[in-house]
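Following: one structure in structure tokens, then a few remarks.
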Amino acid sequence: MECNEVFFNELCLKNKSLSFDTWKTMIKAKSALGNIGFTICRLSNADYAQLMDSVKALNNPTIKNIFFQFFHTPFETREIEESDDKASDFLSKEVFYNSNSAYGFSLASYYDTFALSFATSEEWEQSKIQVARNTGELLEIHHISKLNHINENTDWLETRGELELITTDADPLTKIPKFRDDHGKDELDAFWKKIRNSEYVVSCINSLRFSSYNRNFIRNVYSDGKIEITLPWTDKGLGLVIQSTGRNRRETERIANLLEEKYSK
């Protein structure tokens, strides 16, 4: 799911006006992004209108051209189909920065791409920004507002090409599961004895609470390699949490897809 568009951090405009120098700093960052294939920044209609007002006020041809080339609506880079349960589920869980809802950061995290800000305050002069989903999960956002932020995100950028999933060579019989004491151990154990054979499965951390309403095999995916799996064919919606070999959200999403293809039937 590689995305070569970036998403705008709407919070950088909150109670801020943009000076000519602030635009110049952003233009340098934009040029660096273009050199590595990122040519579009997505933003909301409201933020687009606010930037347009700044462009008109500054009345600078270079800024005007950059604005129309680089900034585009709508916010979403592609239509999220109703059937795309993972995307809609992820994006339905709000992302917050310092108690402020931050949809641009949410999109940047889901699509594993940059969030872009104008350097309107010191907090937007970082190359990585930590935010929190309303579930409590912490996310690290790869962020750019200045030219040097490209170099500071080099290690991550190098992982955005073709995925190279790592595997475990542990004997499946040595992978001992941990289940809650309250329900469904026999059914969970039977399923575990199948999925533990995957070379991407390291361990079973725990079982999940009943989730009879959930009909999705993959319930949640985390950037540290954890995957929550529900067994939708069970009446009570039994489930378990596995530790995979995924080293980031992108890898873990791919592993979750592979597990679903092989073990959800």
Do any N or O atoms from the side chain of [X] and from the backbone of [Y] form a donor-acceptor pair under 3.5 angstrom?
X: S31; Y: I27; value: yes
X: S117; Y: W124; value: no
X: W192; Y: K175; value: yes

Query raised in the report: Do the side-chain N and O atoms of N148 and E152 include a donor-acceptor pair separated by under 3.5 angstrom?
Result: yes

Report task. Answer yes if the side chains of D47 and S44 hold a donor-acceptor pair under 3.5 Å, and no otherwise. Result -> yes

Report task. Quick one: do I227 and I218 satisfy side chain to side chain contact (heavy atoms under 4.5 Å, CB included)? Show the steps, please. Result -> CA-CA 7 Å; I227 303 173; I218 301 299; 4.0 Å; yes

Requested in this report: Kindly compute the distance separating CZ (R247) from CG (D224), expressed to the nearest 0.5 Å.
Outcome: 14.0 Å

Requested in this report: Identify, with sequence neighbours excluded, every residue that meets side chain to side chain contact (heavy atoms under 4.5 Å, CB included) alongside K16.
Outcome: T120, S121

**Report entry** By side chain to side chain contact (heavy atoms under 4.5 Å, CB included) - contacts of K193 (at least two apart)
**Finding:** D189, R196

Requested in this report: Anything under 30° is parallel, anything over 60° is perpendicular, the rest tilted; go ahead and classify W156 against F114.
Outcome: perpendicular

Query raised in the report: More than 12 heavy atoms of other residues, nucleotides or ligands under 6.0 Å from CD of E164: is that the case?
Result: no

**Report entry** Stepwise ring pair (Phe, Tyr, Trp, His ring centres under 6.0 Å) test for F8 and Y103
**Finding:** CA-CA 9 Å; F8 187 66; Y103 192 56; over 10 Å; no

